[in-house]
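Below is one structure, written out as structure tokens; comments come after it.
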Amino acid sequence: MNGRLRERRQVRRPYHGGVAVVIALLAGLLLGAAVVAMTAAFRRQRVADGPVPVRGARAKGDRMPAETVLQLLPTAAVLIGPGGTVLLSNSAALAMEIVRGNELDVAELRDLVRAARTSQSTQLTEVVLDRGTFPRRTLTVGARAEPLGTGEVALVVDDLTEAKRVESVRRDFVANVGHEIKTPVGALTLLAEAALAARDDPDAVQRFLERVQHEATRLSRLVQELLDLSRLQGGDPLPGATDVPVDAVVEEAVDRTRLVAEAKQIDIIRGGDHGLVVTGSESQLVTAVANLLDNAVAYSPAATKVAVGVHDRDDAVEIAVKDEGIGIAASEQDRIFERFYRIDPARSRETGGTGLGLAIVKHVVESAGGNVEARGGQGRGLDVRCVLPA
């Protein structure tokens, strides 16, 4: 068995899974039927006229050769002869590395073709392929083998990797949203019941109402950040993009964070260059920098400093926020921009963090054509740098 192949499931029914996967697969199967038909047409044309050249001028009114059309398709198409020899493969099949020389290079696909030829019926399967070592690629493909009645089999392979990834992200997102909303809602219910039960104790009622206010604020913040994230991921992530003075962005973001910082006796220090300009949405950029400052203050001990630096980097502008907080392990630095990911879940519950702040930062910066990265070590603070086109 091919060592680069990890999974195979052979079925004779439509694929199951999420909406995105189903849509992608239905589209793939429709395209696959067309590819099978063109492959069969190519076989008939090849038998009648001999090999059809892929390149070459066509006289006016001539039909495009079937093989040429196959080469233009994004779906992998392979024609296998009665002896298992590959008679035709398009560029997509070569890109997926399912064909090597004149043979199929995937054992599961060879079995699928053999089953289609033996049963004289359409066979479907889904396969996970490992491709390459560095960089390593994992492909999830859906394959359809169609016997052509002469011992030859047309094989169509669709790349479902992106559809699977999108479905997984959406499924996790919905699960996380449900969990995150359930927590403050449940807390509000319990606190309201406790306040009612203690209505004869003013001090207890005061404590419960303060917690109600805290949880309500957390819920409101979560909903607002979900709306912000949804808008950023929409079709118009930069409404009203203009030239934005970075000084104004930093000043507004610092002003939004000042009260929270002062409550913890944290000084926010502004340094670096002045007078720089970037292109984007000022409101979104202010939100991004304010989120960085909120995150820095939340994860910093009292009586420390948070630094905001702005620097001219040739044709780019770098905005960096550095704190003296708990830091982050190197293994987690690529994950802190994921939605709902938290370095310290217990502290996030205390501060009312939603796990969406840095995800919003990433989308704002990338929407403006920039990139963001995090640096630091465990116990040595966190340094987040946003680089935007000047």
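Counting begins at 1 with the first residue of the sequence. Values below: all heavy atoms of this structure, side chains included; hydrogens, waters and symmetry mates excluded.
Closest non-hydrogen pair, I268 versus A261, comes out as CD1-CB, 3.9 Å. Closest approach of P389 to G369, counting heavy atoms only: CG-O, 3.5 Å. Taking both residues in full, the closest heavy atoms of V205 and A195 are given as CG2-O, 3.8 Å, listed atom of the first, atom of the second, then distance. Nearest heavy-atom pair across A374 and L382 is CB-CD1, 4.1 Å. Nearest heavy atoms, A253 versus V286: CB-O, 4.0 Å. Smallest separation of non-hydrogen atoms from A143 and V157: CB-CG2, 4.1 Å.
Checking side-chain atoms of Q71 against main-chain N and O of S91 turns up a donor-acceptor pair under 3.5 Å. T287 places a side-chain N or O within donor-acceptor distance of the main-chain N or O of S283, the cut-off being under 3.5 Å. Side-chain atoms of K264 come within 3.5 Å of backbone atoms of S300 as a donor-acceptor pair (strictly under, hydrogens ignored). A donor-acceptor pair under 3.5 Å is formed between the side chain of N90 and the backbone N or O of T75. Side-chain atoms of T85 do not come within 3.5 Å of backbone N or O of G81 as any donor-acceptor pair. Under a 3.5 Å cut-off, the side chain of R385 and the backbone N or O of A320 do not form any donor-acceptor pair. For D273 (side chain) and D312 (main-chain N/O), a donor-acceptor pair under 3.5 Å exists by modelled atom type. A donor-acceptor distance shorter than 3.5 angstrom exists from the side chain of T161 to the backbone of T140, with no hydrogens or angles considered. No donor-acceptor pair closer than 3.5 Å links the side chain of E97 to the backbone N or O of L94.
Considering only heavy atoms from C-beta on, L190 comes within 4.5 Å of E193 through its side chain. With a 4.5 Å cut-off on side-chain heavy atoms, D247 and R270 count as touching. Contact of the E146 side chain with the V156 side chain is not registered, since no non-hydrogen atoms from C-beta on lie closer than 4.5 Å. Counting heavy atoms from C-beta outward, L155 and L112 have side chains that approach closer than 4.5 Å. Within the 4.5 Å cutoff, no side-chain heavy atoms of E282 are placed close to those of L285. Counting heavy atoms from C-beta on, the side chains of V364 and C386 never come closer than 4.5 Å. Residues D323 and T304 are not in side-chain contact: their nearest non-hydrogen atoms beyond the backbone lie 4.5 Å or more apart. Residues N295 and V384 form no side-chain contact, since every pair of their non-hydrogen atoms from C-beta on lies 4.5 Å or further apart.
In this structure, R256 does not pair ionically with D294, as no charged nitrogen and carboxylate oxygen lie closer than 4.0 Å.
For E318, the CD atom counts as densely surrounded, since its 6.0 Å shell holds more than 12 non-hydrogen atoms of other residues, nucleotides or ligands. Within 6.0 Å of CD in Q213 there are 12 or fewer heavy atoms belonging to other residues, nucleotides or ligands. Under a cut-off of 6.0 angstrom, the local environment of NZ in K362 is sparse, with at most 12 non-hydrogen atoms contributed by other residues, nucleotides or ligands.
When the side chains of ILVMFWY residues are joined at heavy-atom separations under 4.5 Å, either directly or via intervening members, I360 and V387 end up in two distinct hydrophobic clusters. Both V254 and V260 are part of a single hydrophobic cluster, where members link through side-chain heavy atoms under 4.5 Å apart. In terms of hydrophobic clustering, with Ile, Leu, Val, Met, Phe, Trp and Tyr side chains grouped at heavy-atom distances under 4.5 Å, L188 and F208 are assigned to a common cluster. By the rule that hydrophobic residues join a cluster once side-chain heavy atoms approach within less than 4.5 Å of another member, V127 and L139 end up as members of one cluster. Following chains of ILVMFWY side-chain contacts shorter than 4.5 Å, one cannot reach I269 starting from L293, and the two form parts of different hydrophobic clusters.
To the nearest 0.5 Å, atoms CG (L388) and CD (E366) are separated by 11.0 Å. Annotation: the span from D267 atom CG to E262 atom CD amounts to 9.0 Å, rounded to 0.5 Å. The distance from the OG1 atom of T118 to the CD atom of Q120 is 8.5 Å, given to the nearest 0.5 Å. One distance of note links CD1 of I80 with CZ of R110; it measures 11.0 Å at 0.5 Å rounding. How far NE2 of H311 is from CD1 of I319: 10.5 Å, rounded to the nearest 0.5 Å.
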Under the side chain to side chain contact (heavy atoms under 4.5 Å, CB included) rule, what do L276 and V278 come out as? Steps first, then yes or no, please.
CA-CA 7 Å; L276 301 179; V278 296; over 6 Å; no
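The stretch residues 198-210 participates, sequence neighbours left out, in these side chain to side chain donor-acceptor pair (under 3.5 Å) pairs: Q206-E210.
When the options D105, L109, V86, V141 are evaluated for a side chain to side chain contact (heavy atoms under 4.5 Å, CB included) with I98, the one that passes is L109.
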